[in-house]
Amino acid sequence: MSVQLDCSYLDSFISAEDCKQIQAEIKKAHDYLYDNKVNARGNDFHGWLTLPFDYDKEEFARIQSAAAKIRSDSDILVVIGIGGSYLGARAVIEFVKSKNYNLVREAGDPQIFFVGNSISPAELSQVYALCREKDFSVNVISKSGTTTEPAIAFRIFRALLEERYGVEGAAGRIYATTDKAKGTLRSLADREGYETFVVPDDVGGRYSVLTAVGLLPIAAAGIDIEELMAGAAQSAETYTDPDIEKNDCYKYAALRNILYRKGKMVEMMVSYEPDYLMMNEWFKQLFGESEGKENKGIFPASAIYSTDLHSLGQYVQEGSRLLFETVVVFDKTKNDIVIAEDPENLDGLNFLAGKTMSFVNRKAFEGTVLAHTDGGVPNMILRLADMSARSAGELIYFLEKACAISGYVLGVNPFDQPGVEMYKKNMFALLGKPGYEALSAELAERLNK
Ligand code: PA5
């Protein structure tokens with residue numbers, strides 16, 4: 001089984017006619033992905049489509065060896081990267097292992113810290129302090145090899161590695177994942193002799209978790225990356241039919257566009273498992289950066305229930321009717337706890353005695369779906385077998401493909417991110433980077449008004 005879409009709660013929001021009408025647009029989006037004669041926007045970034053089968057096997061073996069080396073010589077792995085160069089790895093590690101991975105990791109698993117995904121000195125110095133006392137390695141990840149946030153972090157951690165292990169020793173502990181030929185990181189890695197891994201040209205950052213970008217940190221965490229790839233391959237084989245009635249992935253893409261056209265501007269990705277939190281963050285980046293352009297796009301939001309039923313729940317139930325929810329549920333939880341009988345029953349909970357927490361969690365889900373649907377919030381359900389590496393692979397590929405199809409149906413290029421450049425230009429100008437003098441003067445005047 002791969003990911004299954006349950007749309008049985010959508011009846012009062014979407015008609016069979018709505019689905020029939022969007023089918024031709026889905027077929028067109030499918031052709032954008034598969035028909036080489038169609039010159040689709042972004043078609044030089046379709047490499048992720050075949051990645052689960054068509055990956056570099058020699059590099060895959062090197063990833064496994066590098067992960068084994070990190071596990072044998074490092075207490076800590078520092079993963080430096082931002083956006084698509086970190087979210088996927090962290091999402092899979094927390095999904096499969098735990099959001100408390102660093103606390104509950106098993107013997108042989110290194111602690112893994114993600115830095116260079118902000119410019120916060122507080123966050124960086126905390127990890128820096130931990131690395132002063134432990135053996136550590138660094139995996140620096142940047143497709144462009146020029147992104148400021150990871151570049152600053154790498155400068156700092158490279159200096160610490162060189163201070164601790166010498167220049168040569170440091171080089172043996174640095175793994176660089178970047179472009180095969182271009183960028184500052186590539187030049188530095190080649191000059192210093194770091195082991196390098198490649199982000200393929202035709203795979204964009206947010207679609208890169210199944211390349212070395214995600215695979216090396218995931219393997220270092222002790223997760224079976226062959227299983228992850230097998231799960232992705234399973235989805236790649238399953239979701240190929242352009243007919244939405246035979247393809248849950250395309251149907252999900254179709255339904256979100258239908259809902260968007262009916263005024264549902266925000267999608268809340270919801271899970272009842274806190275270990276899903278970073279998968280939500282990965283989903284938000286994937287869909288937000290792919291669809292949010294040309295003044296269009298569903299705003300991707302997220303929640304963990306029942307936690308957020310005590311914060312966002314009120315809004316979802318009764319606030320502006322601009323939301324729909326996509327709820328991810330699992331047939332099997334990682335582990336379970338049976339609620340014991342208490343002879344005194346002071347808390348009045350004996351009606352739950354003998355029941356498992358996963359049973360109670362499921363009832364919370366069922367009750368919430370009905371309540372939110374009654375409140376005017378369309379709900380779609382994505383069902384997965386469990387939270388294994390295989391299921392992570394299935395889900396990742398399902399969402400990547402749904403995102404590509406959905407973006408094409410929306411009428412945008414799902415593989416570029418022109419809007420991200422704006423803040424960078426301003427930041428460089430304000431920092432006095434050479435070449436930005438004119439903009440620098442203009443911005444200084446605006447800020448001083
Ligand atoms: O999806 C994307 O392309 C972006 O989010 C990038 O992953 C992010 O900006 C980091 O870029 P880079 O890997 O070039 O440092």
Side-chain angles (χ1 to χ4, degrees), residues 41-49 51 78-92 114-120 124 138-158 174-189 194 196-218 278-293 297 300 396-397 399-404 406-407 412-428 433:
R41 288 199 281 171
N43 63 2
D44 43 348
F45 282 99
H46 289 174
W48 56 273
L49 257 182
L51 214 46
V78 178
V79 181
I80 300 177
I82 194 165
S85 287
Y86 106 97
L87 282 162
R90 186 162 174 192
V92 172
F114 293 88
V115 302
N117 54 68
S118 77
I119 319 176
S120 159
L124 196 116
V138 166
N139 180 198
V140 54
I141 308 167
S142 176
K143 184 179 183 193
S144 63
T146 55
T147 308
T148 310
E149 289 89 338
I152 294 174
F154 184 49
R155 179 181 276 217
I156 293 165
F157 279 92
R158 180 163 72 106
I174 295 173
Y175 304 86
T177 307
T178 188
D179 186 88
K180 65 177 181 314
K182 296 189 301 283
T184 321
L185 180 57
R186 166 54 64 184
S187 321
L188 184 66
Y194 305 150
T196 59
F197 300 95
V198 169
V199 194
D201 286 343
D202 57 358
V203 179
R206 57 192 174 275
Y207 290 82
S208 70
V209 52
L210 300 176
T211 71
V213 169
L215 296 177
L216 179 53
I218 292 168
M278 286 308 296
M279 199 59 98
N280 269 340
E281 296 306 310
W282 174 82
F283 152 82
K284 288 193 283 196
Q285 192 230 356
L286 177 65
F287 280 77
E289 235 174 50
S290 299
E291 294 195 318
K293 50 198 74 159
I396 284 166
Y397 194 91
L399 289 173
E400 285 179 349
K401 195 164 192 193
C403 181
S406 183
V412 299
N413 174 359
F415 304 107
D416 67 359
Q417 56 283 330
V420 180
E421 295 312 308
M422 197 66 192
Y423 98 92
K424 289 187 194 166
K425 260 189 355 202
N426 285 353
M427 179 176 76
F428 291 148
K433 187 171 178 177

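As the structure lists them, so they are numbered: ligands from 1, and atoms in each ligand from 1. Just so it is clear, the structure is predicted and the values come from calculations on it, not from any experiment.
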Practice problem: Identify the protein heavy atom lying closest to atom 7 (O) of ligand 1, giving its residue, its atom name and the separation to 0.1 Å. | Solution: Gly84 N, 2.9 Å

Self-check item: Which residue and heavy atom of the protein sit nearest atom 2 (C) of ligand 1, plus the separation
Solution: Glu289 OE1, 3.1 Å

Quiz item: Hey, does Lys424 come in under 3.5 Å of ligand 1, counting only N/O atoms on both sides?
Solution: no

Exercise. Ignoring angles and geometry beyond distance, decide whether Gly204 reaches within less than 3.5 Å of ligand 1 through its nitrogen or oxygen atoms.
Key: no

Quiz item: Just how far is it from atom CG of Leu188 to atom OH of Tyr194, taken to the nearest 0.5 Å?
Solution: 4.5 Å

Quiz item: Between CD1 of Ile119 and CD1 of Ile152, what distance do you get to the nearest 0.5 Å?
Solution: 5.5 Å

Practice problem: Give a yes or no on this: more than 12 heavy atoms of other residues, nucleotides or ligands lie within 6.0 Å of atom NZ of Lys424. | Solution: yes

Quiz item: In a check of side chain to side chain contact (heavy atoms under 4.5 Å, CB included) between Pro200 and each of Asp179, Thr211, Val213, which one passes?
Solution: Thr211

Minimum distance, heavy atoms only, to [atom]: which one of [options] is it?
atom                   : options                        : value
atom 3 (O) of ligand 1 : Gly83, Gly205, Ser290          : Gly205
atom 8 (C) of ligand 1 : Thr148, Ile82, Thr147          : Ile82
atom 5 (O) of ligand 1 : Arg206, Gln285, Glu421, Glu149 : Gln285

Quiz item: If we only count heavy atoms from C-beta on, is the Glu400 to Val209 side-chain gap below 4.5 Å?
Solution: yes

Self-check item: atom 13 (O) of ligand 1 touched by protein (heavy atom, under 4.0 Å)
Solution: yes

